[in-house]
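Please read the structure below before turning to the comments.
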Amino acid sequence: MSAAAHLRTIKGLEVRVFGEPMSFWERNMPLGMLLRSAWTATEIASPGRDLTLEAYQESSGERFSKPVPVENFIRYGQWYQQHAVPDLDRRSVERVESDGKGFRLTLADGESFTSRRVIVAVGIGAFTWRPPEFANLPVALASHSSEHHDFHRFAGKSILVVGGGQSALESAALMHEAGANVEVAARTQNIHWLQGWASTTLHYGLGSIIKGLLYAPTDVGPAGLSQLCARPNLVRLLPRMLQDKLSKRAVQPAGAQWLVPRLKDVPIHLGRTVTSVAQVGERVTVKLDDRTERTVDHVLLGTGYRVDISRYKFLAPDLVASINRANGYPKLREGMETSVTGLHFLGAPAVWSLGPLMQFVSGARYAGKTLTRHVTENKL
């Protein structure tokens, strides 16, 4: 939506947008979730900077806290769509293939048309990572954290949550609060907690001068590195090894500080890996590397996402094969364009080329600006 809003500032350019607005947030994020990002990094970028969280609150009369509850963010995103892309077409794109001069797109109802450019900005839903140990277990026994909108269905059940990042930890808290018997197993030796005193102070009031020096408003990365992450054009100039180290340091698994009291009654086993799993009737037995085991009703996988654009089923295989890639990521040129002229990727697929900012909401401002500039300068 942000990319479309920016592109529509180009005179004479026809922009069509397809898809369900905020659908992944609405269907795959749990009720009660709070956004970990700071207020400045939660705003969806608009070219006129007028579709802000403050503008939404003023327009709707709705007030919400910091951190922002996911339900409020969803309604904000829907309000953004109504203002920035009111003619959005909710039909899904079933196929994108090259036609020699550009691309042929086929919609769910069979309609097809051609376009000289295609902007892929469909999110991370296709990239959920399910460790191979759980490959043979049915979803009823082991599911990814993104597969649930309401954890109350697990009330009274015994649950093992695998993972040590925000998704795993917040899911554990929400399940515990919904009445489940929860424990967490994570490979990390220590939970990295964010939004402590220093971060909260810098983001939400005091120390504005220090904040400006150490933290970019995009809110991605620790002090100092935050300013580098906010500048993708500089990140892409770094040697590959440094880019990889930057991404790993900036987005390491971590949990929000406000989860600590909510998890005080949830056992967390650190430095542990799963060695085997087995279905036992309608339950599952999980063995850990410390030779302990537990039989639970369900395993929740807070194991994150792994980008591989071949998992976007709407992309024709021969089109994917023609894209220069690295570990599943497209190698992007100026304007977030792939090696296939006219084909662009926004969001998480752009991380390998432009750094960790791209996988967050706050990366939309850079994406919208650079895409618009490139299309303006290189009209097909």
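- Considering Val122, Val307, Ile309, Val118 in turn, Ile309 is the only one that fulfils the side-chain contact (heavy atoms from CB on, under 4.5 Å) rule with Phe345.
- At distances below 3.5 Å, not a single donor-acceptor pair connects side-chain atoms of Ser92 with backbone N or O atoms of Glu94.
- Between the side chains of Ser171 and Ser145, not a single donor N or O lies within less than 3.5 Å of an accepting N or O.
- Just one of Phe73, Trp258, Trp39 meets the side-chain contact (heavy atoms from CB on, under 4.5 Å) condition when paired with Pro67; it is Trp258.
- Without hydrogens or angle criteria, Tyr215 side chain to Gly221 main chain gives no donor-acceptor distance under 3.5 Å.
- Relative to the ring axis of Trp352, Arg240 places its NZ or CZ within 45° and under 6.0 Å from the centre.
- Remark: the backbone N or O of Ser339 is not paired with any side-chain donor or acceptor of Asn324 at under 3.5 angstrom.
- Checked against the 6.0 Å centroid criterion, the rings of His144 and Phe134 do not qualify as a close aromatic pair.
- Between the CZ atom in Arg16 and the CG atom in Asp89 there is a gap of 6.5 Å [rounded to 0.5 Å].
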**OP:** Output, in order, the C-alpha distance, side-chain angles, deciding distance and verdict of side-chain contact (heavy atoms from CB on, under 4.5 Å) for Ser276 and Glu293.
**Re:** CA-CA 9 Å; Ser276 69; Glu293 67 176 58; over 6 Å; no
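- The shortest distance between side-chain heavy atoms of Asp297 and Phe154 does not fall below 4.5 Å.
- With a 4.5 Å cut-off on side-chain heavy atoms, Ser353 and Arg333 do not count as touching.
- Salt bridge annotation for Arg294-Glu183: present, with a cationic side-chain nitrogen under 4.0 angstrom from a carboxylate oxygen.
- Taking the six-membered ring where the residue is Trp, Trp79 and His83 present tilted rings, their angle falling between 30° and 60°.
- Ring pair Phe24/Tyr305 is perpendicular by interplanar angle, where above 60° counts as perpendicular and below 30° as parallel.
- Below 30°, between 30° and 60°, or above 60°: for His148 and His298 the angle between ring planes is above 60°, a perpendicular geometry.
- In this structure, Thr114 and Lys101 have side chains that are not in contact, with every pair of non-hydrogen atoms separated by 4.5 Å or more.
- The local environment of CD in Glu54 is crowded, with over 12 non-hydrogen atoms from other residues, nucleotides or ligands closer than 6.0 Å.
- A salt bridge does not link Glu43 to Arg49: none of the charged nitrogens lies less than 4.0 Å from a carboxylate oxygen.
- Figure legend: Arg75 and Phe64 shown without cation-pi pairing, the cationic atom not lying both under 6.0 angstrom from the six-membered ring centre and within 45 degrees of its axis.
- Considering OG1 of Thr128 and CZ of Arg311, their distance stands at 5.0 Å, rounded to 0.5 Å.
- By the rule that hydrophobic residues join a cluster once side-chain heavy atoms approach within less than 4.5 Å of another member, Val161 and Val299 end up as members of separate clusters.
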Original post:
Can you check side-chain contact (heavy atoms from CB on, under 4.5 Å) on His149 and Leu31, steps first, answer last?
Top reply: CA-CA 6 Å; His149 179 60; Leu31 291 170; 3.5 Å; yes
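- The hydrophobic cluster containing Leu137 does not contain Leu300, counting ILVMFWY residues as joined when their side-chain heavy atoms lie under 4.5 angstrom apart, directly or transitively.
- Counting heavy-atom neighbours within 6.0 Å of Glu14 CD, excluding the residue itself, gives a total of 12 or less.
- Between His176 and Arg262, the side chains place no donor N or O within less than 3.5 Å of an acceptor N or O (distance only, hydrogens not considered).
- The environment of Arg104 atom CZ is dense: over 12 non-hydrogen atoms of other residues, nucleotides or ligands sit within 6.0 angstrom.
- The number of heavy atoms from other shown groups lying within 6.0 Å of CG (Asp109) is above 12.
- The pair Glu334-Arg373 does not count as a salt bridge, with every side-chain nitrogen at least 4.0 angstrom from each carboxylate oxygen.
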Original post:
Run the salt bridge (Lys or Arg N to Asp or Glu O under 4.0 Å) check on Arg91 and Glu111 step by step: do they pass?
Top reply: CA-CA 10 Å; Arg91 291 176 294 175; Glu111 180 187 343; 2.6 Å; yes
